[in-house]
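Structure, as structure tokens:
Values below: all heavy atoms of this structure, side chains included; hydrogens, waters and symmetry mates excluded.
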Amino acid sequence: MTAPVFVVDAVPPKGRFVLEGPEGRHAVSVRRLHAGENVVLTDGLGTGAAAVVLAAEGKDRLVVEVGDVTAEPEPVPRITVVQALPKGDRGEVAVETMTETGVDAIVPWQASRCITQWRGDRGAKSLAKWRATAREAGKQSRRLRFPEVTDALTTKQVAALLATADFAAVLHEDASVGSAALATAGLPDTGSIVLVVGPEGGVSPEELAVFAQAGAKPYRLGNSVLRTSTAGTAAAALLLGRTGRWS
């Protein structure tokens, strides 16, 4: 079994280190780690270090011996998923599975057909949940580099993001709009890929037009129609395989 991952503000150099606070409490009181077990410390930004537990002290102090620090290079091409806001807890489900799959950035999008609205305190709390989900899923999937979860964007802001991408796609199952198969699309070896996942009601014609002006074409995954909370994960897996990042 691979070593559990714990997040620190900055990965310490080789030598003795004490993991405290919520992460230390989780290691000692929840995971019940003991001397001799292996752990990984990471800042979630691509830097990490393997460590060996020396002792567990009290309820929230884990004493470890840190080994060599490693820096994971940024993956290429970078894959960003623009995720329309789903209903209920499906947003956290989408973030969790996309993080486990290997997405590099997740952009919440307030699409015109979204039933869920992020406004005021509710929006701030929902965004905090998405970010906390990405952090925990990053730890669970043993990642050293957790995905960035940005502030929610408007359609105009998403279009600006798409215009900067080396490959921009909008998932759209309606064959009448001339969508091509994502499985055969030409993909860049480097740079950035931005993928838009619409809400349950689909991307509106007006939004498709705005995104087309930004250089994003409509693509489909297959014959079946996926829910918005699973489409991003399925598409990301396809892209990760096709770009060689899963090789």
Side-chain angles (χ1 to χ4, degrees), residues 2 5 40 42-48 70-84 93-109 130-131 133-135 137-150 153 157-173 175 177-198 203 208 211-212 214-247:
T2 56
V5 172
V40 172
T42 183
D43 58 4
L45 301 174
T47 301
T70 60
E72 185 179 88
E74 291 194 24
V76 291
R78 176 179 169 87
I79 298 177
T80 297
V81 175
V82 176
Q83 174 67 58
V93 172
V95 171
E96 180 180 52
T97 54
M98 285 192 289
T99 298
E100 293 172 354
T101 302
V103 165
D104 303 301
I106 300 168
V107 179
W109 171 38
W130 280 36
R131 286 174 171 164
T133 299
R135 173 188 168 104
K139 291 166 57 178
Q140 179 65 36
S141 54
R142 309 299 194 260
R143 291 181 61 166
L144 295 184
R145 189 182 298 277
F146 301 163
E148 173 191 9
V149 179
T150 72
L153 299 188
Q157 291 170 323
V158 170
L161 175 64
L162 292 169
T164 67
D166 295 281
F167 175 82
V170 182
L171 286 187
H172 202 284
E173 77 282 358
V177 302
S179 57
L182 188 61
T184 57
L187 302 175
D189 295 325
T190 60
S192 65
I193 293 174
V194 180
L195 180 71
V196 177
V197 179
V203 181
L208 279 175
F211 295 158
K217 297 179 180 179
Y219 288 88
R220 63 183 182 278
L221 281 174
N223 294 326
S224 61
V225 177
L226 301 179
R227 301 200 68 156
T228 185
S229 54
T230 56
T233 299
L238 174 62
L239 294 174
L240 286 161
R242 292 199 57 217
T243 56
R245 284 185 48 179
W246 269 8
S247 61

Just by distance, no angles: are the side chains of Arg142 and Thr2 close enough, under 3.5 Å, to form a donor-acceptor pair?
yes

Indicate whether the side chain of Thr228 and that of Gln83 have a donor and an acceptor atom separated by less than 3.5 Å.
yes

Is it true that Phe211 and Trp109 have ring centroids separated by less than 6.0 Å?
yes

On a heavy-atom basis, which atom in [X] and which in [Y] lie closest, and how many Å separate them?
| X | Y | answer |
| --- | --- | --- |
| Pro147 | Ala105 | CB-N, 4.3 Å |
| Ala214 | Ala159 | CB-O, 3.3 Å |
| Ala165 | Ser192 | CA-OG, 3.4 Å |
| Arg242 | Leu187 | NH1-CD1, 3.5 Å |
| Arg143 | Met98 | NH1-O, 4.4 Å |
| Ala168 | Tyr219 | O-CE1, 4.3 Å |

Should Val170 and Leu208 be marked as a side chain to side chain contact (heavy atoms under 4.5 Å, CB included) after you check the CA-CA gap, both sets of side-chain angles, and the distance that decides it?
CA-CA 8 Å; Val170 182; Leu208 279 175; 4.0 Å; yes

State, yes or no, whether a side-chain contact exists between [X] and [Y] at a heavy-atom distance under 4.5 Å.
| X | Y | value |
| --- | --- | --- |
| Ile193 | Pro188 | yes |
| Val107 | Val81 | no |
| Val197 | Val82 | no |
| Ile106 | Thr99 | yes |
| Thr47 | Thr70 | no |
| Val103 | Thr80 | no |
| Trp246 | Thr101 | yes |
| Leu171 | Leu221 | yes |

Between [X] and [Y] (side chain of the first, backbone of the second, donor and acceptor by atom type, cut-off under 3.5 Å), is there such a pair?
| X | Y | value |
| --- | --- | --- |
| Thr42 | Leu144 | yes |
| Arg220 | His172 | no |
| Arg131 | Val149 | yes |
| Ser141 | Ala137 | yes |

To the nearest 0.5 Å, tell me how far [X] [atom1] sits from [Y] [atom2].
| X | Y | atom1 | atom2 | result |
| --- | --- | --- | --- | --- |
| Leu45 | Glu74 | CG | CD | 9.5 Å |
| Gln140 | Thr133 | CD | OG1 | 12.5 Å |
| Thr150 | Trp130 | OG1 | CH2 | 9.0 Å |
| Thr233 | Glu100 | OG1 | CD | 8.5 Å |

Whether Arg245 and Asp104 form a salt bridge (side-chain N of Lys/Arg under 4.0 Å from carboxylate O of Asp/Glu) is what I want to check.
yes

